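These notes are about the structure you will find just below.
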Number of protein chains: 2
Amino acid sequence: MLARKIADSTVRRLAIYLRFLEEFEHQGAGTVSSEALAARAGTTSAQVRKDLSFFGSFGKRGLGYDVHALAVQLRTILGLTRRYHVILVGAGRLAGALVQYAEFGARGFDIVAAVDRDPAKIGTRWGDLVIGNVADLEKIVQREQIEIAILVAPADAAQALVDRLVSAGVSAILNFAPVQLHVPHGMDVKNVNLAVELETLSYALQHRGST
Amino acid sequence: MLARKIADSTVRRLAIYLRFLEEFEHQGAGTVSSEALAARAGTTSAQVRKDLSFFGSFGKRGLGYDVHALAVQLRTILGLTRRYHVILVGAGRLAGALVQYAEFGARGFDIVAAVDRDPAKIGTRWGDLVIGNVADLEKIVQREQIEIAILVAPADAAQALVDRLVSAGVSAILNFAPVQLHVPHGMDVKNVNLAVELETLSYALQHRGST
DNA sequence: CGTCGCTCGTGAAACATTTCACAAATGCTT
DNA sequence: AAGCATTTGTGAAATGTTTCACGAGCGACG
Ligand SMILES: NC(=O)c1ccc[n+]([C@@H]2O[C@H](COP(=O)([O-])OP(=O)(O)OC[C@H]3O[C@@H](n4cnc5c(N)ncnc54)[C@H](O)[C@@H]3O)[C@@H](O)[C@H]2O)c1
Ligand SMILES: NC(=O)c1ccc[n+]([C@@H]2O[C@H](COP(=O)([O-])OP(=O)(O)OC[C@H]3O[C@@H](n4cnc5c(N)ncnc54)[C@H](O)[C@@H]3O)[C@@H](O)[C@H]2O)c1
């Protein structure tokens, strides 16, 4: 669809702009300037305009951007005009927090399945969601037409689960296990490593004074 | 301590190298090459060497790096030679997952307090941790000598809580609420926004074929 | 003890991202 | 309708990050 390769940092910011646009929309604002968006998102107006310019010209000079129209554009760019079926692989504590997080559903990500290995958990419910047996992973992925997996199983089980997810046809994985996953070319994997986040904070704490 | 400003991407990778070094150490490996580390961490050997070179010369030419010695160096660089007291602000589902995550403790981050606003939660326990009243936030931060706060309260309460944390003397914040926080210059804030992670995946899913 | 194979450390080059700065639109006012 | 105050969109410059490529150091081995 798009010739150029867009930086990950740009895509992230677009997602953040969308969040603030929706907030503005809720407050009834009709238009917004790059300056105002930038202030909210913690960046600069030039950055906002540059980010948007990769995808087209959405503003009106002298006026700014139509809040609703830009939100629609960003949803289109980000692929949020449709819904995605998501599976939780591993039904532990973190999965339990994620499953009740309303924001995912609000953004089009429906958690339609969860699987675990523990017989004590299989068959129990989280709201309407019945925890399935990880042995049936491939079957469930196909039956529920799942495109995205959130991997919240222990690190040592992660790679084997990923291999199965890939061959079952999942196209993208959000990985919380602190391991480097190997996947075929073309698959998208995003890693979230909370321990690393804390460590960058401790790095910053230590290197104070060189302000 | 260090003249140059180090890129965030470099610091993150150092934390990841450390993880794999510890794994190698566990397996009894004495030395490791930049090539081997890179393979595990999903980067290149030149990147590994460059990252390390910002902080010194830790390897032996022809041999590689001493696994244990490099791990010690990285812990020093990252500020992991001491422990940090951490508070959970908000004692909801996500906090419940984080409090039992062993890896934080293993890396030197001790969750020594949690607070909430809900009277039904205040006074209940998570292991040895008694959930405190958010009204006593400043008192608890000072009593427990807390340096790092993990913000897992609702988005609309976030900024007010941050202001209180800052004035109570917390130096770094890991923020899970999907808002842009404003803090005085010098404070460190790291944002984790899981919805944004999913949105970058949906962006990638949509823009396939331009491989 | 000299040579060989290996791997580090590091400037320089290539590449990527952000910031700058200004012409071109746009609506408002008079 | 012309002038003015804004704010966009975008090349170009500045800055930041990664990759390249090679000299230098190290241990092994004959
Ligand atoms: N809890 C956190 O705050 C946190 C933070 C960051 C990362 N993580 C990572 O997320 C993952 C899950 O963390 P958690 O705290 O929810 O752990 P948990 O132990 O509460 O849950 C893990 C679940 O996975 C299940 N499981 C084990 N092997 C499995 C398999 N082969 N197939 C399917 N399910 C399997 C277990 O039965 C358990 O229910 C871990 O990799 C952890 O390192 C957790
Ligand atoms: N659950 C997730 O998977 C998830 C994922 C990403 C981000 N988040 C964010 O993390 C935060 C917490 O999420 P959660 O799922 O744990 O929500 P939750 O509703 O389970 O927990 C929030 C807790 O904060 C408490 N609280 C409310 N106001 C407070 C205040 N002023 N001071 C102290 N405590 C207060 C509530 O009583 C509740 O116990 C939210 O901002 C959410 O957007 C959650």
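To find a chain, count down the sequence lines: A is the first, B the second, and so on, and within it residues start at 1. The structure displayed is predicted, hence computed values, not measured ones.
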Whole angstrom value for the distance that separates C1' of C:dT19 from CD of A:Glu35: 13 Å

For B:Val67, the option from B:His26, B:Gln27, B:Glu22, B:Glu25 that meets side chain to side chain contact (heavy atoms under 4.5 Å, CB included): B:Glu25

A:Ala7, nearest nucleotide to its side chain (from C:dC8, D:dT8, C:dT17): C:dT17

Euclidean distance, atom CZ of residue A:Phe55 to atom P of D:dT10 [Å, nearest integer]: 14 Å

Between P of C:dG9 and CG of B:Asp51, the distance in whole Å: 12 Å

Which residue lies more 5' along DNA chain D, comparing A:Arg61 with B:Leu63 via nearest heavy atoms: A:Arg61

Gap between atoms CZ and C1', on B:Phe58 and C:dC8 respectively (whole Å): 13 Å

For atom NZ of A:Lys50 and atom C1' of D:dA14, their distance in whole Å: 13 Å

Rounded distance [0.5 Å steps], NZ in A:Lys190 versus CG in A:Leu174: 9.0 Å

Residue A:Ser53, side-chain atoms from C-beta onward, closest of D:dT10, D:dT17, D:dT19: D:dT10

Side-chain N,O (A:Thr44) to OP1/OP2 (C:dT18) below 4.0 Å: no

Presence of B:Tyr65 side-chain N/O under 4.0 Å of C:dC6 phosphate oxygens OP1/OP2: no

Closest nucleotide among C:dG9, D:dT8, C:dT19 to the B:Ser57 side chain: C:dG9

Validation row, ring centre B:Phe109 to ring centre B:Tyr84 under 6.0 Å: yes

Side-chain ion pair, A:Arg83 and A:Glu147, N-O less than 4.0 Å: no

B:Arg49 vs A:Asp8, nearer the 5' end of DNA chain C by closest nucleotide: B:Arg49

B:Ile150: which of B:Leu94, B:Leu98, B:Ile87 passes side chain to side chain contact (heavy atoms under 4.5 Å, CB included): B:Leu98

Sugar-phosphate, base or nothing in reach of A:Ser45, heavy atoms under 4.0 Å: nothing

B:Phe54 CZ to C:dC8 C1', straight-line distance once rounded to whole Å: 15 Å

Residue-phosphate contact under 4.0 Å: B:Ser34 side-chain N/O, C:dT7 OP1/OP2: no

Nearest-Å distance for atom pair CG/P, residues B:Leu52 and C:dC8: 9 Å

Whole-Å gap separating C1' (D:dT8) and CD (A:Gln73): 15 Å

A:Ser9 side chain near C:dT18 phosphate (N/O to OP1/OP2, under 4.0 Å): yes

Closest to the B:Gln47 side chain, choosing from C:dT18, D:dG9, D:dT19: D:dT19

Centroid separation A:Phe104 to A:Tyr101 less than 6.0 Å: yes

Ionic contact status for B:Arg40 with B:Glu23, cut-off 4.0 Å: yes

Any donor-acceptor N or O pair under 3.5 Å, side chains A:Thr31, A:Asp66: no

Residue mapping more 5' on DNA chain D - nearest nucleotide basis, A:Ala46 or A:Gly62: A:Gly62

Stretch residues 16-30 of chain A: residues that reach within less than 4.0 Å of DNA chain C through a heavy atom: none

